[in-house]
Amino acid sequence: MQTAVLTDRERTAVQAYLRLLHTVRAAFDLETGSRPAIVPPGVLAEAEAALERAGLTGNEGEFFRLLRSWCPESSG
């Protein structure tokens with residue numbers, strides 16, 4: 001698989017999404033069965049703002065294509 005060359009804004013969007021993903025995964029602790037009341041608003045806002053700056057708002061297909069090519073283990 002060819003690796004994508006992301007712009008700075010695209011890379012920031014992917015990194016913000018990965019932080020969001022890791023935060024949600026950590027909150028849903030499978031060991032204890034605990035469930036979060038809410039995703040921290042700052043983490044979600046960071047991801048949304050980064051997607052908007054990268055021009056990827058409303059273009060999830062393109063975003064996930066970039067994510068799969070840059071970080072395949074986190075998109076499946």
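- Here CZ of R65 is found 8.5 Å from CZ of R68. Values are rounded to the nearest 0.5 Å.
- R11 contributes atom CZ, which lies 5.0 Å from atom CG of D8 (distance to the nearest 0.5 angstrom).
- Side chain of E62 to backbone of N59: no donor-acceptor contact under 3.5 angstrom is found.
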Donor-acceptor pairs under 3.5 Å, side chain of residues 40-57 to any protein atom, not counting sequence neighbours: which ones?
| unit_1 | atom_1 | unit_2 | atom_2 | d |
| --- | --- | --- | --- | --- |
| E46 | OE1 | R19 | NE | 3.4 |
| E46 | OE2 | R19 | NE | 3.2 |
| E46 | OE2 | R19 | NH2 | 2.5 |
| T57 | OG1 | E52 | N | 3.3 |

